[in-house]
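These notes are about the structure you will find just below.
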Amino acid sequence: MRFRTVSGPDLTTRNDAYLAWQLDRQQADLWPYFRRYDTALTTRAAVVSDSGVVTHGPNFGGQDYLSLTAHPAVLDAAHRALRDYGPLTAGSPALGGATPISKALEAGLGEALRTEHVALFPTGWAAGFGTIRALMHRRDHILLDKLSHDSLRQGAAAGGATVEFFRHLDNDAVRRHLAGIRASDTTNAVLVVTEGVFSMDSDTPHLADLLGVCREYGAQLMVDVAHDFGAMGEHGGGQPEVHGILGEVDFVVGAFSKTFATTGGFLATPSASAREYVRMFGGPQTFSSAITPVQTAVALAALSVVTSPEGARRRAAVTAVATRLREGLTARGLEVMGDVVCPVVPSSSVTPHRPYGLRSHRPCRSRRASRRAARGRLRRGPLSSAGHGGP
């Protein structure tokens, strides 16, 4: 990225060139970020940009995969928690931040993931970052899929372990990396990190094979299930359930913000000692306030729906809609990415020489015409995420 790394002695002015670039795009109505919703998360929405431009249209950008934010049971749970426990926890998870609801949520997540030990985090980002940061040390090794989420990358960087990236979804590459590591180091830990569904590409690794490779070389596997847990699998167990390894993954981290109608995150692991170590030494467990009673109650109520027959019906409906959307976009000449049908449908909004929304398939004649097409899309909708995959 042009401005990803900048230099200069004055931190208050060295980003001025970036700000000028951003303002130019805002003035041209080509800046899709930091828009606010002026409506609830429904099938249609109104969003407002930083410059005050209002856009109305179909809502393809909300992270409410099973439409549980308006579910009566979820709303009732939020109201009860606010009445019974108030809007705030007493502190961080390590210092009095738990409630009976949070303990019930941990138990429910453990049952759904067939994993005994669960810890809650204030966000999904914190779950990925805090778990890796706590567990991995200077002499250890971390292998990350090259498209891993920012939270996983930053957790790996913060721990001081040796970090290597493997080719996206390439289990053979993982095997080669592990063979090289174990040829010279058989005494330190190796953590292989991947995701159940990579939201930017809508693809998934062969998790059972990957777990087998990890077992062969004495490595542990971490899977981030932010985008698939609750939204995929017969019982909502995500890609670990789809691939038949539910309860076998060493570390499962995830977020509530995609399917469970609230923010927050979790770690699930079969290891009691790993869970306690992360609870003590994972930074967000001690130095960030725990998720609120309302958040935990909402997540617990959403989990009850997710694991019920109603949840299965909702997942089937989402799959049908996603399939129809993928087919419709493809029929209109857009590139639709991914090898798995899920709530995330990534599509190139502007294909080479073919701006999104133009009925003609003739090449765009100029950069100005491309800008006009993109500007029209931002003003008229549909409302979609610019793409970040954030938990």
Side-chain angles (χ1 to χ4, degrees), residues 63-64 68-69 73-113 115-136 149-152 154-155 158-159 222 224-226 229-230 251-307 390-391:
Q63 297 180 158
D64 185 19
L68 295 181
T69 57
V74 170
L75 297 178
D76 288 345
H79 295 156
R80 287 196 305 272
L82 184 61
R83 180 194 64 211
D84 295 343
Y85 295 97
L88 185 65
T89 56
S92 68
L95 299 171
T99 67
I101 309 174
S102 61
K103 304 310 289 184
L105 177 58
E106 289 177 354
L109 290 169
E111 183 177 354
L113 292 165
T115 302
E116 186 175 357
H117 305 287
V118 175
L120 302 180
F121 284 82
T123 64
W125 196 99
F129 174 88
T131 298
I132 298 176
R133 171 65 182 85
L135 290 175
M136 304 306 291
H149 190 266
D150 178 76
S151 61
L152 309 174
Q154 292 209 29
M222 171 183 284
D224 184 337
V225 295
F229 177 51
F251 304 101
V252 176
V253 294
F256 300 136
S257 54
K258 308 303 184 291
T259 300
F260 295 86
T262 188
T263 53
F266 64 88
L267 159 69
T269 175
S271 171
S273 61
R275 184 244 191 181
E276 290 308 306
Y277 196 87
V278 169
R279 291 215 304 169
M280 181 55 66
F281 295 102
Q285 288 288 307
T286 302
F287 300 106
S288 183
S289 294
I291 59 176
T292 69
V294 173
Q295 290 173 283
T296 51
V298 165
L300 182 59
L303 180 63
S304 296
V305 176
V306 161
T307 55

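Just so we're clear, the structure is a prediction, and the values are computed from it rather than from any experiment.
Of all non-hydrogen atoms in Gly254 and Asp224, the two that sit nearest each other are CA-OD1, 4.2 Å. Nearest heavy atom pair, residue Val306 against residue Gly230, reads CG1-CA, 3.5 Å. Between Ala297 and Ala81, the shortest heavy-atom contact is CB-CB, 3.5 Å.
In this view, Glu116 satisfies the salt bridge (Lys or Arg N to Asp or Glu O under 4.0 Å) rule with no residue, not counting sequence neighbours. Remark: Thr263 engages Gln295 in a side-chain hydrogen bond (donor to acceptor under 3.5 Å, both in side chains) (not counting sequence neighbours). Here Arg279 pairs with Glu276 under the salt bridge (Lys or Arg N to Asp or Glu O under 4.0 Å) rule; sequence neighbours left out.
Note that OG1 of Thr269 and CG of Leu113 are 11.0 Å apart. Values are rounded to the nearest 0.5 Å. The CG atom of Leu303 lies 8.5 Å from the CZ atom of Phe256; values are rounded to the nearest 0.5 Å. Taken from CG in Leu120 to OG1 in Thr296, the straight-line distance is 8.0 Å, to the nearest 0.5 Å. In this structure, the separation between OG on Ser151 and CZ on Arg133 is 15.0 Å, given to the nearest 0.5 Å. Rounding to the nearest 0.5 angstrom, the gap separating the CZ atom in Phe260 from the CG atom in Leu109 is 7.0 Å. Taking OG1 of Thr115 as the reference point, atom CG of Leu267 lies at 9.5 Å (rounded to 0.5 Å).
Judged as a side chain to side chain donor-acceptor pair (under 3.5 Å), the pairs with a partner in residues 97-113 (not counting sequence neighbours) are, in order, Lys103-Glu106, Glu106-Arg275. Residue pairs satisfying the side chain to side chain donor-acceptor pair (under 3.5 Å) criterion with at least one member in residues 75-84, sequence neighbours excluded, are absent.
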Assess whether side-chain contact (heavy atoms from CB on, under 4.5 Å) is satisfied between Phe251 and Leu135, documenting all intermediate values. CA-CA 11 Å; Phe251 304 101; Leu135 290 175; 3.6 Å; yes
side-chain contact (heavy atoms from CB on, under 4.5 Å) assessment of Phe229 paired with Lys258: CA-CA 9 Å; Phe229 177 51; Lys258 308 303 184 291; over 6 Å; no
Evaluation steps, side-chain contact (heavy atoms from CB on, under 4.5 Å), between Phe129 and Thr123: CA-CA 10 Å; Phe129 174 88; Thr123 64; over 6 Å; no
Contacts table for residues 86-97: side-chain donor-acceptor under 3.5 angstrom, sequence neighbours left out:
| from | atom 1 | to | atom 2 | distance (Å) |
| --- | --- | --- | --- | --- |
| Thr89 | OG1 | Gly91 | O | 3.3 |
| Thr89 | OG1 | Ala290 | O | 3.4 |
| Ser92 | OG | Leu95 | N | 3.3 |
| Ser92 | OG | Thr286 | O | 3.1 |

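The shortest side-chain heavy-atom distance between Pro100 and Tyr85 falls under the 4.5 Å cut-off. In this structure, the side chains of Ile132 and Leu152 come closer than 4.5 Å at one or more pairs of heavy atoms.
Not one N or O on the side chain of Ser257 forms a donor-acceptor pair closer than 3.5 Å with the backbone of Ala255.
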